[in-house]
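We're numbering straight along the sequence, starting at 1.
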Amino acid sequence: TNHITLNGPPVFEGLPFVGGILKFLQGPMQLMKGGYQKYGEVFTVPVLHKKITFLLGPHASPHFYKASDDDMSQTEVYEFNVPTFGKGVVFDVDHKTRGEQFRFFAEALKSARLKLYVPLFVQETQDFFGKWGDSGIVDFKDVLADLIILTASRTLLGREVRENMFSQVTALLHDLDEGMKPISVLFPYLPIPAHNRRDRARAELSELFAKVIRARRADPERNAREADLLASFCQARYSPAINGGRELTEGEITGMLIAVLFAGQHTSSITSSWTGLYMIKHPDVWKEAVEEQRQVIRTHGEKLTLEALGDMPVLQRIITEALRLFPPLILLLRQCKRSFLVSTSNGHKYTIPKGHVVATSPAFQHRLPHIFERPDSFEPDRFADARAEDKAMPFSFIGFGGGRHGCMGSNFAYLQIKTIWSVLLRNFEMELLDPFPQADYSSMVVGPTACRVQYTRRPLRHRQTYIGAHGISGTRERDY
Ligand code: HEM
């Protein structure tokens, strides 16, 4: 046994009490940069009554990802989501119940289900871009947020919401979304107007979803035929040892749908935006991606199937590289419930005490030059076999987190983003009208600042009859 008592991490001194909070809320990137320069990979920042210890880089962070929930807990640091997700789900339940609920997420997102979602992604995406003109100016940040809310409603919330109550639900989700401000992390129940609107919207969503769920359960055969997460959740049952093996309540299903929507919506639309912005900025990469589409069409035919989308390594690496440069979730947090040891890349060892909040940062870590060569440069090939920079050490690429609580929706996200960019690459040329955007750190899920893009539909070579889901049909010009 090891009897050496190790020191705690260095404490970031000289942050004024209020300055510490503001710095933390507004610019964790600056804070981490300062701390990293001064102290290296591990340091503690006092924020109000809390101590936040940063573990920056894959050497210091494996325990963060691998530890059990009893040692590294999400409850305390993510329970600010409870007023949004609702009572009785995810961060408002004991570990056993949560484990079961995460099993339901996993089942709804496994490949057999993903296969069912692909045609829905394709349909929504083709309908959406089918309505674009021959040329126009768009901001992907806005346009792709609109598209993702359509595909997410269809695949997650279900047909009823998408087809019959889309605008109503979207408005409520908007209020729910706007009710999650950086300040909500520290004070989720502060009586500010944004929180009041959030609570009203949450209550209305409960009523609305309860009706939909009751109708589904009244017709289990129809429910079983539906390809959406709602269908999975309506059928799910706890294990016999937990909650008596009962099925999910209407409230639990509603909460889980909202939770999954929050996990997958902005993250995906932001990553789609950066993916496109980088391809447009790098014409050689754009060309390579278009060439891959031609190849995929030769191998798999015109139709975007699960197999076709799985056969796009070039686009896959482009998406991963966009996510490396600008991960939308910039901080991941846990509460340390049992002290543990960390080692840094240069051999320092520290004990992280019980009671600290522990943070890792995809955004900061992905720019470390000893992990990713020329870290600020867009080089999708760094993920190809020849370089495989993400594989040199576990937990190097953490855009989807990793380990015990790694993202369950990453395959879903890749399929959705690849569908979007397959359709766009096949049909349009694009040009940036503004300087390349920066990351907007003022929102919880960090995306690009405004940037206008000019699109032009490619000249006609073949004609494809286009039939939309909502009675729109016509002929679309395509290049292939
Ligand atoms: C967890 C990122 C899309 C569902 C996570 C985590 C990250 C992440 C970093 C880990 C959080 C932590 O350790 O504290 C992303 C990104 C996405 C994306 C960048 C898009 C590009 C999705 C989608 C879904 C989803 C589309 C569902 C349809 C989940 C779930 C978890 C999770 C259920 C919780 C896993 C757990 O705690 O065990 N995601 N995500 N995500 N994500 Fe995603």
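- Between F397 and H366, the distance from one ring center to the other falls under 6.0 angstrom.
- Residues H174 and T170 have side chains not in contact (no heavy-atom distance under 4.5 Å, counting atoms from C-beta outward).
- A ring-centre distance under 6.0 Å is not found for F80 and F187.
- Geometrically, R98 does not engage F91 in a cation-pi contact defined by less than 6.0 Å to the ring centre and at most 45° from the axis.
- When R222, R216, R113, R162 are each tested for a salt bridge (charged side-chain N to carboxylate O under 4.0 Å, His left out) with D228, only one passes: R216.
- Looking only at side-chain heavy atoms (C-beta outward), V118 and T305 stay at 4.5 Å or farther from each other.
- A donor and an acceptor atom, one from each side chain of Q416 and Y117, are nowhere located under 3.5 Å apart.
- Between V45 and K51, the closest side-chain pair of non-hydrogen atoms is not below 4.5 Å.
- Centroid-to-centroid, the aromatic rings of W132 and F428 come within less than 6.0 Å.
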Q | Intermediate values then yes/no, side-chain contact (heavy atoms from CB on, under 4.5 Å), Q293 and L315 | A | CA-CA 9 Å; Q293 291 299 320; L315 188 52; 4.0 Å; yes

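- Taking the ring centre of F233 as origin, the terminal cationic atom of R217 falls outside the region bounded by 6.0 Å and 45° from the ring axis.
- Under 3.5 Å, the side chains of S396 and E389 contain no donor-acceptor pair of N or O atoms.
- Counting only heavy atoms from C-beta outward, the side chains of T75 and Q335 never approach each other to under 4.5 Å.
- Contact annotation: the side chain of I253 approaches that of L230 to within less than 4.5 Å [non-hydrogen atoms, C-beta and beyond].
- By the 30° and 60° cut-offs, the orientation of the rings of H405 relative to F102 is perpendicular.
- Centroid-to-centroid, the aromatic rings of Y78 and F85 stay 6.0 Å apart or farther.
- Classification of the W286-W421 ring pair by plane angle, with boundaries at 30° and 60°, yields perpendicular.
- In summary, the side chains of D70 and S68 do not present any donor paired with an acceptor at a separation below 3.5 Å, with no hydrogens or angles considered.
- In this structure, F54 has its ring center at least 6.0 angstrom away from the ring center of F64.
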